[in-house]
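This report concerns only the one structure given below.
These figures come from a predicted structure and were not determined experimentally. We name chains A, B, ... by the order of the sequence lines, and we start the count at 1 in each one.
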Amino acid sequence: MALDLKNTLNLPETAFPMRGNLVEREPARIEHWEKLDLYGKIQAKNAAGPSFILHDGPPFTNGDLHLGHALNKTLKDTILRFKWMQGYNAPYIPGWDSHGLPIEHKVSRELQETGRTDYTAIEVREACAKFADKYRLSQREQFKRLGVLADWDNEYWTIHPEYEATELETFASFVEKNIVYRSKKPVYWSIPCATALAEAEIEYRDHKSVSIYVKLGLSAEALKALALEEPASVLIWTTTAWTLPANMAVSVNPKIEYSAIKTSNQGTVIVATALRDAVIEACNLEDPETINTFLGTAMEKLEARHPFIDRPSPILLADYVTTESGTGCVHTAPGHGQDDYITGINNGIEVYCPLDDNGNYVDDGQVPAELVGLSVLDDGKISEANRGVLKIIAQNGSLIAKKTITHSYPHCWRSKTPVIFRAMDQWFIALDKGGDRKLALDALKDVTFIPAWGEKRIRAAVESRPDWCISRQRTWGVPIPAFYNEDGEAFIDADVIRAIAKKVAVSGTNIWFEQTAAELLEGITLPEAWPTTDLLKSGTDTLDVWIDSGTSHRAVLQKRNNLSWPADLYLEGSDQHRGWFQSSLWTSVIADKAAPYKTLLTHGFVVKEDGTKLSKSDGAARPLPEWIQSYGADVVRLWICSQDYRNDVPVSDKIVRNVSNSYRNLRNTLRFQISNLFDFDATTDAVPLADLNAIDQWVLNELAQLVRKVTEAYQAYEFHRAFKDIIDPFCANVLSATYHDILKDRLYTCAPNDPLRRSSQTAISIIFSVLTRLVAPLIPHTADEAWSYAQNDSDFTDEPIALSDWPNVDSAWDQPAVAADIRALRSFLSEKLNDSLEQLRQDKAIGQSLDAKATITGSLSDPEFARLKRYESDLPELFILSQVTVVEDVTATDISVVVAHADGVRCPRSWRWVPVLVETGTWGAVSPRCAEALKQISQTTK
RNA sequence: GGGCCCUUAGCUCAGUUGGUUAGAGCAUCGUGUUGAUAACGCGGGGGUCGGUGGUUCGAGUCCACUAGGGCCCA
């Protein structure tokens, strides 16, 4: 019988599952979108809309995606989904970056393992391309699985022939501006392999070296400046005697104190005071006596003489000089060391390096004749070069001590021999010569930075970077289109490059490695000064890969019809201030005289829950597919969008599980709404907004505020605020704890067509439609799922939510007066009633709140009481009690409340307590209101 | 070592121009309901705002220093 009565209730009905089961169900939805060509439909819908160009920074295709990729791509996808719903014409062309050392290095190792060593450049490049493509494809699938909607079939790729051609054309414009020049710069060099090495190709191993102390005599002026009366030397210490022929200077620290020490066996020598005793011992200095001390600055620009070549070796200041070892006076050979190089550049010293590719001293008129032709390769035994140099300095007395030491030294990963640091001709872009640095800094003024401090960061990077070294001695990259004659003289020309770019556009840059210079230049008019093509060889250097991705704005935005330049938005991790943001800025400023972006948005890095960085062994560093496999894409996305990405973004299973709880609440909120609309057809059942019940007016007023605040947060790209600050509390407080809780009684117990019920259903259907769209960019799968169920009670719809418009506020929702009343009444409940109700519950006097009644007493002169009186008939519903009596007492100074168990009998249908039940016959005894509802139900079913 | 940035309850976030007992959601504990039920309601506990020292009648909110953390350089 009770069951029969239950059947007369309008209980919620829906097939929308309570649990998302995202891991299993999301893929089908993604497939459905693809079948519908959802991306294409969106573009078609918005074709005439305002333009918004988000230019994708290309991920490097060398492995699985991780959460950092998810963070970046989810933010982009969320922004675009929002913009699309707002009607923007916003094509999204995803990009991929593939040239560069990480792939070449990995592929080279794999090729090595086959035992062959004679791979041609083309073979290496083809293996790299294959490797890159494999990961491009798997990354693409992983992004799709995240729910990222994009023009996946028209991606841009830095190794596409057209892309490479544009890159070369861009480079041609640099050459044309006459800012591309050649200069020496030291690189790691493997003598047996006759090749330059990258940092990653170096292994540190222990090596035995001869360390030596060498005197460099001071000039007469120098002695005078240091108030020394007798001849004196600066004393240097080095472990690479073979670099002495390239010694061009001595570096000292300006802030360190130095001592001039007079000795009976080595004359006067100058060393850092802190190292005085150590040097005296190591060099057996006899009768040492400090005759003067001074700071390093005192020696600036003073002249020392090279120990065995007739040239000056000036004393320079350098902050990197320490007193940890040696003498505090550092042998400086700009052609053989990174620090030395920078010191040399800063002081206008030649980057001198008298070595050929085989590591032998060349005859340049400066290297002593007895050294010419000797090899510097120090493999197992002392090199010829070291022995030769030691002999010279021992003979002329400048060597005052030597000792064999074992230390960690870089070795070639392939030949296992010690590498040398050797200056080679490199290509550079001059950044000041054409005024480009100033232009770049000016261009930044027109860029909007999110967060604002990004400007400081990129500005500092732009201000401080030296001329851009753009050549790499690598194979897997875009070749530097330069030619060389027999003497190594370089020929480069903008028009020639453009002509080659045309060929590259068709055949790719592989032709550079397949064809001879003559073949490459066939049909191309050469500048008059060039030799004939049979005398030229094409260069083997490739361009810095930052030129690859850094020219994407030209290769993509400027080349494609549906895009435009500059971009409205670039969005990447904060490391890109010195990476892609900067390389793009330079290429753009040089070639196009303006920044390629209007807004620059950066996010932080994914870190562990304690804020420290993720290392490979951390569980949280597992690949993205594994995260999606355990939580589903929407939960991963919601995790991302619930965090303030401007700072670092912490992650742990605990944190994601936490988000998962919020997700469940949101999902159930939507489910509750769908299920209570099962018999509601807006076209026939909707109640005019003006006629809505007070509580429904209140909730629409809340909804209006929600839409305004959420839209504002989205526009500011502050998704964590949209969700955490606004949507999450709205679902929990306004809906779950208040509105839905109140509504259950009328939705379930009223007659289906009761105006009160239809009023609430009208409001619910509006809320559902709005709320679902508000969360659609954040959790696209779930929003689309709910949208489908609301339409046809099944999984899919041909009108996905992504095709709908962003919700606007209907001014009729704004009912501030009613809303203020309802809000005040609910506050009254929580502040004045809930404590007593809770007490009754604790005392087991009542169970659910409908078991209780309240009596409120006060004076009508009190506006709060007056309001209670005004809403007296609504109060049982608003407070979810069976009876509320508002009693006027003119003498009352305060509002008093008495709560007790409700009177009368409990209606078995509505569970409300009423004075008496009414006999209905068929259904037994129920409350009068239920009796009336049952009467209507039986009439409509007849 | 340098540049930029971060530090509020167990977790993720709010805290307007400095001003009453620092808020929310989740988690936790207790409890109600069994007509949103692997769901929902009600209630409790839990931060003195990384630390120290200043400015001020008054500071999470301004200044200095310091500790820890992140990105990028060296």
Side-chain angles (χ1 to χ4, degrees), chain A residues 2 5-7 9-14 16 18-19 319-320 322 338-339 342 451-461 463-465 573-579 582 602-614 638-639 641-644 646-676 718 720-721 723-733 735-738 740-745 747-749 829-830 833-835 837-842 844 846-851 880 909-911:
Chain A
L5 206 46
K6 187 169 171 179
N7 286 340
L9 295 169
N10 317 302
L11 293 181
E13 286 175 25
T14 180
F16 184 79
M18 172 176 281
R19 310 194 74 207
D319 291 331
Y320 67 85
T322 67
Q338 185 60 32
D339 287 334
I342 289 169
W453 49 258
E455 178 168 9
K456 278 190 227 166
R457 202 162 159 182
I458 191 168
R459 200 168 271 283
E463 277 168 353
S464 67
R465 85 161 293 154
S574 61
D575 55 333
Q576 299 305 332
H577 284 115
R578 192 169 261 273
Q582 207 198 155
T602 52
H603 58 251
F605 276 64
V606 176
V607 295
K608 284 189 279 188
E609 194 176 315
D610 65 3
T612 58
K613 68 165 87 177
L614 283 172
L638 198 57
W639 159 67
C641 289
S642 69
Q643 310 234 13
D644 185 351
R646 292 167 297 195
N647 301 325
D648 285 335
V649 176
V651 72
S652 67
D653 282 285
K654 177 185 165 189
I655 289 173
V656 179
R657 247 183 268 123
N658 199 357
V659 172
S660 184
N661 284 324
S662 291
Y663 170 84
R664 284 218 300 272
N665 175 259
L666 175 56
R667 185 180 176 89
N668 269 300
T669 302
L670 296 177
R671 181 170 183 269
F672 180 83
Q673 299 190 329
I674 295 171
S675 64
N676 277 297
E718 293 180 357
H720 70 289
R721 295 201 80 138
F723 177 69
K724 210 158 204 53
D725 212 23
I726 310 168
I727 295 172
D728 201 18
F730 179 81
C731 286
N733 296 336
L735 295 182
S736 275
T738 309
H740 289 171
D741 209 27
I742 292 170
L743 248 46
K744 285 178 206 168
D745 179 68
L747 287 172
Y748 300 167
T749 66
L829 168 70
S830 60
L833 283 173
N834 271 346
D835 280 353
L837 286 167
E838 182 62 21
Q839 194 54 52
L840 285 181
R841 214 174 281 126
Q842 300 285 332
K844 304 290 178 195
I846 60 166
Q848 55 177 313
S849 62
L850 277 178
D851 295 341
I880 317 182
R909 184 170 180 274
S910 67
W911 297 341

For [N], take OP1 and OP2 only and decide whether either is under 4.0 Å from a side-chain N or O of [X].
X	N	result
A:Q643	B:rC13	yes
A:N733	B:rG25	yes
A:R664	B:rA39	yes
A:K6	B:rG35	yes

Remember a base hit wins even if backbone is also touched, and classify [X] as base, sugar-phosphate or nothing at under 4.0 Å, heavy atoms.
X	result
A:R19	base
A:K844	sugar-phosphate
A:K724	base
A:N676	nothing

Could you run down the sub-3.5 Å N/O contacts of the protein with nucleotides 71-74 of chain B?
| residue | atom | partner | partner atom | Å |
| --- | --- | --- | --- | --- |
| B:rC71 | O2' | A:R457 | NH2 | 3.1 |
| B:rC71 | O2 | A:R457 | NH1 | 3.3 |
| B:rC71 | O2 | A:R457 | NH2 | 2.9 |
| B:rC72 | O4' | A:R457 | NH2 | 2.9 |
| B:rC72 | O2' | A:R578 | NE | 3.2 |

_Passing option when A:V607 is tested against A:V649, A:D648, A:V651 for side-chain contact (heavy atoms from CB on, under 4.5 Å)_ =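 With A:V607 as partner, side-chain contact (heavy atoms from CB on, under 4.5 Å) holds for just one option, A:D648.
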*Selection from B:rG32, B:rA36, B:rA14 that lies nearest to any side-chain heavy atom of A:Q848*: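 Between B:rG32, B:rA36, B:rA14, the one nearest the side chain of A:Q848 would be B:rG32.
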*B:rC42, B:rU12, B:rU34: which one has an atom nearest the side-chain heavy atoms of A:W911?*
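Among B:rC42, B:rU12, B:rU34, the one nearest the side chain of A:W911 is B:rU34.
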Expressed in angstrom and rounded to an integer, what is the separation of [X] atom [atom1] from [N] atom [atom2]?
X	N	atom1	atom2	answer
A:H720	B:rG15	NE2	C1'	12 Å
A:R646	B:rU7	CZ	P	11 Å
A:E13	B:rG35	CD	P	15 Å
A:N665	B:rA27	CG	C1'	14 Å
A:E455	B:rG3	CD	C1'	15 Å

Where do N or O atoms of nucleotides 8-10 of chain B meet protein N or O atoms at under 3.5 Å, pair by pair?
| residue | atom | partner | partner atom | Å |
| --- | --- | --- | --- | --- |
| B:rG10 | O2' | A:K654 | NZ | 2.3 |

*asked:* Using side-chain heavy atoms (C-beta onward) and a distance below 4.5 Å, is A:N10 in contact with A:Y748?
replied: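 No, every pair of side-chain atoms sits at 4.5 Å or beyond.
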*How far does the C1' atom of B:rG70 sit from the matching atom of B:rA64, given to the nearest Å?*
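That atom pair is separated by 23 Å.
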*Qualifying residues under ring pair (Phe, Tyr, Trp, His ring centres under 6.0 Å), relative to A:F605, sequence neighbours excluded*: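 None.
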